[in-house]
Amino acid sequence: MQKNVEVTATQTIYNFEAGKVNLKLTFTSPLLMDDLNLLSRPVSYITYSVKANDGKKHAVKVLLGASSNIAVYNPAQEVTAEKYTTDKLSILKTGTTEQPVLQKGADDMRIDWGYFYVAAPKVFGAEQFITPLASAIDHFRKGSSLSTASKGYSLSLNTVIPFGTVGNLEVERFIELGYDEIYAVQYFKSNLRPWWNNSGKETMENQLAIAAREYQSVMNKCSAFDKEVYSDAVKSGGHEYAHLTALAYRQSIAAHTLVQSSKHELLWLSKENNSGGFINTVDVTYPSAPLYLIYNPELLKGMLNGIFYFSESGQYPHPWAAHDLGTYPLANGQTYGEPMPVEESGNMIILTAAITKVQHDASYAKKHWKTLTTWVNYLVQEGFDPKTQLCTDDFAGHLARNANLSVKAIVAIASYAQMAEELGETETAKEYRAIAEGMVPKWIELTDAGDHYALTFDDKNTWSQKYNLIWDKVLGLNLFPQKVYDTEIKYYLTKQNKFGIPLDSRKAYTKNDWILWTATLAPTSQEFEALVKPVYRHAVETESRVPLNDFYDSNTGIRENFKARSVVGGFYMKLLSDKLQMNN
């Protein structure tokens with residue numbers, strides 16, 4: 001019987017009562033961004049901690065049955081499986097017989113190349129064997145550890161750990177799960193290995209051995225990091241906010257792969273999960289950025305590098321930034337149907353400015369200055385009063401004169417000026433700062449609807465979340481008067497539904513990443529927490545049982561679409577804002 005569950009940044013911890021024995025089950029993915037070798041090591045841990053709850057002693061064994069379906073696109077694909085040992089590990093391995101490396105690219109699709117591993121330290125005396133899924137439990141009950149399959153469909157990789165006789169003292173054992181993709185992505189026709197095997201000479205067995213050897217130190221690091229994240233988030237936004245940041249952490253990171261290009265550039269490439277399957281989508285990078293700006297800005301550079309390369313190599317010949325680099329895992333050029341010129345150019349400029357601000361170093365901006373200048377000049381011409389086009393909320397359809405998109409252009413122009421100042425380009429900084437400042441009163445005039453600011457310049461009977469304004473605060477641009485923020489926040493609080501503020505006046509659906517950006521604009525902690533509370537409620541009460549969903553109906557909590565997306569890294573915006581204000 002499950003007693004409780006706790007979710008931290010790097011761990012999920014379940015407590016069960018199994019008759020007269022208590023079982024604590026801990027799933028750990030050591031995704032610590034300050035150590036790229038650890039971050040990219042394709043090994044997670046499952047820890048079993050058992051003790052008696054009746055004061056007596058009991059013989060305990062635990063079975064882990066891991067399905068070979070983890071290594072297939074669909075269960076109709078044939079797999080092979082084998083059992084073998086290394087110096088210190090007992091290992092099970094499975095993968096498709098077909099091995100179509102990097103042959104498929106789509107959204108709702110599982111990897112069907114490479115190999116899935118289950119490993120246990122020999123010192124634990126674990127018994128490993130392979131069976132069809134349906135017979136794994138029977139084998140365990142009968143005490144049989146004979147393998148009955150090595151090829152087939154939906155096999156079970158079984159590991160039995162004997163704990164011996166267990167009393168009041170807790171006994172702990174762990175199992176490792178690993179995955180070797182062989183090649184992770186194709187990047188402009190070049191197949192790239194995962195970061196941990198940049199040399200092409202590393203083996204999965206060695207990665208598993210290192211992970212086993214470092215188990216205790218890694219677990220200690222994870223626990224310390226989890227406490228730090230939660231404590232910082234509580235200080236920033238309260239306990240409900242802190243819970244949301246813990247929920248978002250692994251999901252955002254897991255939607256990326258870490259590789260190195262042939263030009264030795266770090267690439268941290270996202271998959272746009274359950275909303276198109278595109279690789280390195282700029283308007284997915286944009287909302288997820290706060291998480292990476294806090295814990296390792298080099299990873300955010302790794303999200304921008306490919307987009308800069310696409311333009312600078314001449315392969316994307318437009319005066320605005322591309323939307324994506326392809327369909328995962330093939331990053332050979334944009335596959336989304338149309339550009340989002342104001343959206344993506346604004347995103348790229350703002351995020352480069354954020355990197356500059358966080359690192360107190362403009363060298364990344366300097367490296368790409370010519371491209372940034374091309375994009376900012378496009379925004380000067382077309383950004384203030386955008387023509388009919390899509391923005392990141394593309395599910396809402398095309399929209400002309402979008403006030404929130406206009407904010408993005410204004411903020412991006414001022415961000416460019418801020419970077420120019422850092423680079424010592426004083427005249428350029430003055431010129432673009434003046435352009436941005438000149439747009440603000442016009443924006444206020446066109447959107448002012450009395451008690452709020454409109455969705456579009458031509459309809460005062462509309463409203464929208466102006467989440468793009470947050471960078472004016474976070475980057476210290478000081479473009480918009482405080483009255484704009486106070487008016488909007490006060491108005492949003494009148495528009496709250498059970499599970500959050502709608503995205504705008506058109507429909508009841510919302511995006512929780514944008515709500516948390518909008519909430520960060522709130523002038524008081526009470527208003528911030530009031531805007532966050534319905535998002536927390538959604539996370540714990542929604543009937544949609546999928547990995548944290550970011551797009552849902554604000555009345556019912558039922559998902560509209562999307563799941564398991566990296567954009568929830570945007571939940572860290574309040575934390576980022578507070579950290580930057582502390583450092584200024």
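Computed over heavy atoms, backbone and side chain alike; hydrogens, waters and symmetry mates excluded.
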Novice: With a cut-off of under 6.0 Å to the ring centre and 45° to the axis, is K511 in cation-pi contact with W514?
Specialist: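 Yes, K511 sits over the ring of W514.
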
Novice: Does any N or O in the side chain of N549 come within less than 3.5 Å of the main-chain N or O of N561, such that one atom is a donor and the other an acceptor?
Specialist: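 A pair under 3.5 Å: yes.
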
Novice: Tell me if the centroids of the rings in F278 and H323 come within less than 6.0 Å of each other.
Specialist: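 Under 6.0 Å, so yes.
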
Novice: Using the benzene-type ring in the case of Trp, are the ring centres of Y509 and F395 under 6.0 Å apart?
Specialist: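 Judged by ring-centre distance (under 6.0 Å), Y509 and F395 do meet the cut-off.
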
Novice: Test side-chain hydrogen bond (donor to acceptor under 3.5 Å, both in side chains) on Q359 and K301 and set out the steps.
Specialist: CA-CA 11 Å; Q359 295 193 318; K301 290 180 188 174; 3.0 Å; yes

Novice: Can you confirm if the NZ or CZ of K408 lies within 45° of the ring axis of Y286 and under 6.0 Å from the centre of its six-membered ring?
Specialist: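 Here K408 passes the 6.0 Å and 45° test against Y286.
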
Novice: If you look at every heavy atom in Q465 and I501, which pair is closest and at what distance?
Specialist: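 For Q465 and I501, the tightest heavy-atom pair comes out as NE2-O, 3.3 Å.
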
Novice: Can you find a side-chain donor-acceptor pair between T281 and D324 that sits under 3.5 Å?
Specialist: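 No - no donor-acceptor pair under 3.5 Å links their side chains.
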
Novice: T542 side chain to H538 main-chain N or O, any donor-acceptor pair under 3.5 Å?
Specialist: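 Here the side-chain-to-backbone pair does not exist.
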
Novice: Start with the C-alpha gap between Y316 and Y309, add the side-chain angles, then the distance that decides, and say whether ring pair (Phe, Tyr, Trp, His ring centres under 6.0 Å) holds.
Specialist: CA-CA 9 Å; Y316 191 74; Y309 172 75; over 10 Å; no

Novice: Could you check whether D578 pairs with K574 (Lys NZ or Arg NE/NH1/NH2 to Asp/Glu carboxylate O, under 4.0 Å)?
Specialist: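 So D578 pairs with K574 through a salt bridge.
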
Novice: Go through L390 and E343 one step at a time and tell me if the side chain to side chain contact (heavy atoms under 4.5 Å, CB included) criterion holds.
Specialist: CA-CA 8 Å; L390 293 174; E343 175 71 42; over 6 Å; no

Novice: Of all heavy-atom pairs between A353 and S415, which one has the smallest distance, and what is that distance?
Specialist: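 Scanning both residues, the minimum pair turns out to be CB-CB, 3.6 Å.
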
Novice: Is the distance from the ring center of H452 to that of W463 below 6.0 Å?
Specialist: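 They do not qualify: ring centres at least 6.0 Å apart.
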
Novice: Please assess L293 against I355 for the test side chain to side chain contact (heavy atoms under 4.5 Å, CB included), listing each intermediate value before the final yes or no.
Specialist: CA-CA 7 Å; L293 283 164; I355 289 166; 4.1 Å; yes

Novice: Please confirm whether the backbone N or O of A248 pairs with a side-chain atom of S252, one donor and one acceptor, at under 3.5 Å?
Specialist: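 Checked: no pair found.
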
Novice: Under 3.5 Å, is there a donor-acceptor pair between the side chain of T494 and the main chain of Y491?
Specialist: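 Side chain of T494 to backbone of Y491, a donor-acceptor pair under 3.5 Å: yes, one is there.
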
Novice: Could you tell me whether a side-chain N or O of D513 sits under 3.5 Å from a main-chain N or O of V568, the two making a donor and an acceptor?
Specialist: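 Between the backbone of V568 and the side chain of D513 there is no qualifying donor-acceptor contact (under 3.5 Å).
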
Novice: Mark yes or no for whether Q389, through its side chain, and V342, through its backbone, hold a donor-acceptor pair below 3.5 Å.
Specialist: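 It does hold such a pair.
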
Novice: Taking NZ, NE, NH1 and NH2 as the nitrogens, is one of them in R433 or E437 under 4.0 Å from a carboxylate oxygen of the other?
Specialist: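 Answer for the salt bridge query: yes.
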
Novice: Can you name the nearest heavy-atom pair linking E421 to A429, along with the distance?
Specialist: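 Scanning both residues, the minimum pair turns out to be OE1-CB, 3.5 Å.
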
Novice: Apply the test side chain to side chain contact (heavy atoms under 4.5 Å, CB included) to residues K490 and E527: give CA-CA distance (whole Å), side-chain angles for both, the deciding distance (0.1 Å), then the verdict.
Specialist: CA-CA 9 Å; K490 191 175 174 187; E527 288 162 308; 5.6 Å; no

Novice: Please confirm whether Y249 and Y230 have ring centers closer than 6.0 angstrom.
Specialist: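 Between Y249 and Y230, the centre distance exceeds or equals 6.0 Å.
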
Novice: Ignoring hydrogens, what is the shortest heavy-atom contact between N497 and S554? Give both atom names and the distance.
Specialist: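 For N497 versus S554, the nearest heavy atoms are ND2-OG, 2.9 Å.
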
Novice: Salt bridge or not between K460 and D448? Use side-chain N to carboxylate O under 4.0 Å.
Specialist: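 Salt bridge: no.
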
Novice: Answer with yes or no whether the side chains of S29 and T10 bring together a donor and an acceptor at under 3.5 Å.
Specialist: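 Looking only at side-chain atoms, S29 and T10 do not form any donor-acceptor pair under 3.5 Å.
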
Novice: We want to know whether Y492 and Q496 form a side-chain donor-acceptor pair, criterion being a heavy-atom distance below 3.5 angstrom.
Specialist: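 Side-chain D/A pair, Y492 to Q496: absent.
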
Novice: For a quick check under 3.5 Å, do Q11 and E6 share a side-chain donor-acceptor pair by atom type?
Specialist: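 Result is no, nothing qualifies.
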
Novice: Go through K579 and D232 one step at a time and tell me if the salt bridge (Lys or Arg N to Asp or Glu O under 4.0 Å) criterion holds.
Specialist: CA-CA 9 Å; K579 280 184 183 289; D232 287 352; 3.4 Å; yes

Novice: Rounded to the nearest 0.5 Å, how far apart are CG of N273 and CG of D108?
Specialist: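 It is 9.5 Å, given to the nearest 0.5 Å.
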
Novice: Less than 3.5 Å apart, any donor N or O on the side chain of H318 or Q334 sitting next to an acceptor on the other?
Specialist: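 No - no donor-acceptor pair under 3.5 Å links their side chains.
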
Novice: For W375, run the ring pair (Phe, Tyr, Trp, His ring centres under 6.0 Å) check against Y416, W320, F308 and tell me which one passes.
Specialist: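 Between W375 and the candidates, ring pair (Phe, Tyr, Trp, His ring centres under 6.0 Å) is satisfied uniquely by F308.
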
Novice: Does the side chain of N404 pick up a donor-acceptor pair with the side chain of S464 at under 3.5 Å?
Specialist: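 The answer is no; no qualifying pair exists.
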
Novice: Will you find, in the side chains of E312 and T371, an N or O donor that is under 3.5 Å from an N or O acceptor?
Specialist: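 Side-chain D/A pair, E312 to T371: present.
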
Novice: For D458 and T456, which I'm curious about, is there any donor-acceptor pair between the side chains at under 3.5 Å?
Specialist: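 Yes, T456 and D458 have a side-chain donor paired with an acceptor closer than 3.5 Å.
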
Novice: Between Q251 and K563, do the side chains contain a donor N or O and an acceptor N or O under 3.5 Å apart?
Specialist: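 There is no such pair between these side chains.
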
Novice: In Å, rounded to the nearest 0.5 Å, how long is the span from CG of L330 to CG of L325?
Specialist: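 Answer for the CG-CG pair, L330 versus L325, is 11.5 Å.
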
Novice: Checking H398 against E338 for the side-chain hydrogen bond (donor to acceptor under 3.5 Å, both in side chains) test, could you report, in this order, the C-alpha distance in whole Å, the side-chain angles of both residues, the deciding distance, and whether it holds?
Specialist: CA-CA 11 Å; H398 294 75; E338 62 179 287; 3.1 Å; yes

Novice: Between H256 and Y292 (judged by ring centroids, cut-off 6.0 Å), do the two rings come close enough to count as a pair?
Specialist: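 Yes, ring centres under 6.0 Å apart.
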
Novice: Could you point out which residue of L469, V407, T447, L446 forms a side chain to side chain contact (heavy atoms under 4.5 Å, CB included) with Y453?
Specialist: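 Of all the options given, the one that passes is T447.
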
Novice: Answer with yes or no whether the side chains of Y432 and N377 bring together a donor and an acceptor at under 3.5 Å.
Specialist: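 Y432 and N377 do have a side-chain donor-acceptor pair below 3.5 Å.
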
Novice: Any idea which heavy atoms bring S288 and S566 closest together, and the distance?
Specialist: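 The pair with the smallest heavy-atom distance is CB-O, 3.2 Å.
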
Novice: Does Y378 reach the main-chain N or O of S345 with its side chain, forming a donor-acceptor pair under 3.5 Å?
Specialist: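 No, Y378 side chain to S345 backbone: no donor-acceptor pair under 3.5 Å.
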
Novice: Would you say the side chain of M33 lies within less than 4.5 Å of the side chain of L291, judging by non-hydrogen atoms?
Specialist: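 Yes, side chains in contact.
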
Novice: Should E445 and K442 count as an ion pair when the cut-off is N to O under 4.0 Å?
Specialist: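 So E445 does not pair with K442 through a salt bridge.
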
Novice: Would a distance-only check, ignoring hydrogens and angles, find a side-chain to backbone donor-acceptor pair under 3.5 Å from R506 to L503?
Specialist: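 Side chain of R506 to backbone of L503, a donor-acceptor pair under 3.5 Å: no, none is there.
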
Novice: Using 0.5 Å steps for rounding, measure from the OG atom of S236 to the CG atom of L575.
Specialist: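 Here the interatomic distance stands at 4.5 Å.
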
Novice: Side chains of S275 and E272: donor-acceptor distance under 3.5 Å anywhere?
Specialist: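 Present: a donor and an acceptor within the cut-off.
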
Novice: Going through the checks in order, is the side chain to side chain contact (heavy atoms under 4.5 Å, CB included) test met by I558 and Y552?
Specialist: CA-CA 6 Å; I558 301 297; Y552 57 85; over 6 Å; no

Novice: Does N274 reach the main-chain N or O of D107 with its side chain, forming a donor-acceptor pair under 3.5 Å?
Specialist: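 Checked: no pair found.
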
Novice: Nearest 0.5 Å, what's the OG-CZ distance between S406 and F384?
Specialist: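 Output value for this atom pair is 5.0 Å.
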
Novice: Does R559 use its side chain to pair, donor to acceptor, with the backbone of F562 at less than 3.5 Å?
Specialist: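 At least one qualifying donor-acceptor pair exists.
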
Novice: Please find out if less than 6.0 Å separates the ring center of Y536 from that of Y241.
Specialist: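 They do not qualify: ring centres at least 6.0 Å apart.
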
Novice: Check whether the side chains of T428 and E431 place a donor and an acceptor atom closer than 3.5 Å, and report yes or no.
Specialist: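 The criterion, which ignores hydrogens and geometry beyond distance, is not satisfied for E431 and T428.
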
Novice: Looking at the rings of W268 and W195, which for Trp means the six-membered one, are their centres under 6.0 Å apart?
Specialist: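 Distance test on ring centres: not under 6.0 Å, no.
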
Novice: What's the separation between atom SG in C391 and atom CG in D393, rounded to the nearest 0.5 Å?
Specialist: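 It comes to 4.5 Å.
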
